[in-house]
Amino acid sequence: MKKIGKIFAVTTGILAGLFAVYYYNLDMKLMHYVVLPFLDKHYDSVKREHRI
């Protein structure tokens, strides 16, 4: 019975963490503040083959 309780507790904790990510839109906040500036800096430094 203790093993089932531990599995239930871990599963509940993971579910609560995933709900917090979804509720507070943390994945898109990470993209906006961390990933996109890195990608912008990278693609701004790429030499263009064709100028418009």
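Residues: numbered from 1 along the sequence shown.
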*Asks:* Nearest 0.5 Å, what's the CE-CD1 distance between M1 and I4?
*Replies:*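 Reported to 0.5 Å precision, the distance equals 5.5 Å.
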*Asks:* Between CG of L36 and CG of L30, what distance do you get to the nearest 0.5 Å?
*Replies:*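 If we round to the nearest 0.5 Å, L36:CG and L30:CG are 9.5 Å apart.
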*Asks:* Other hydrophobic cluster members with Y24, side-chain heavy atoms of Ile/Leu/Val/Met/Phe/Trp/Tyr under 4.5 Å, chained?
*Replies:*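 Grouped by the 4.5 Å side-chain rule, F19, V21, Y23, L26 form the rest of the cluster around Y24.
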*Asks:* When Ile, Leu, Val, Met, Phe, Trp and Tyr are grouped by side-chain heavy atoms lying under 4.5 Å apart, directly or through other members, which residues fall in the same group as L18?
*Replies:*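 Joined to L18, directly or through intermediates: V10, I14.
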*Asks:* Under the rule for side chain to side chain contact (heavy atoms under 4.5 Å, CB included), what residues qualify as partners of V35, not counting sequence neighbours?
*Replies:*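 Residues passing side chain to side chain contact (heavy atoms under 4.5 Å, CB included) with V35: M31, L39.
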*Asks:* Any ring-ring contact (aromatic ring centres under 6.0 Å, His included) involving residues 25-47? Give me the pairs, sequence neighbours left out, ordered by first then second residue.
*Replies:*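 Passing the test, one end in residues 25-47: no pairs.
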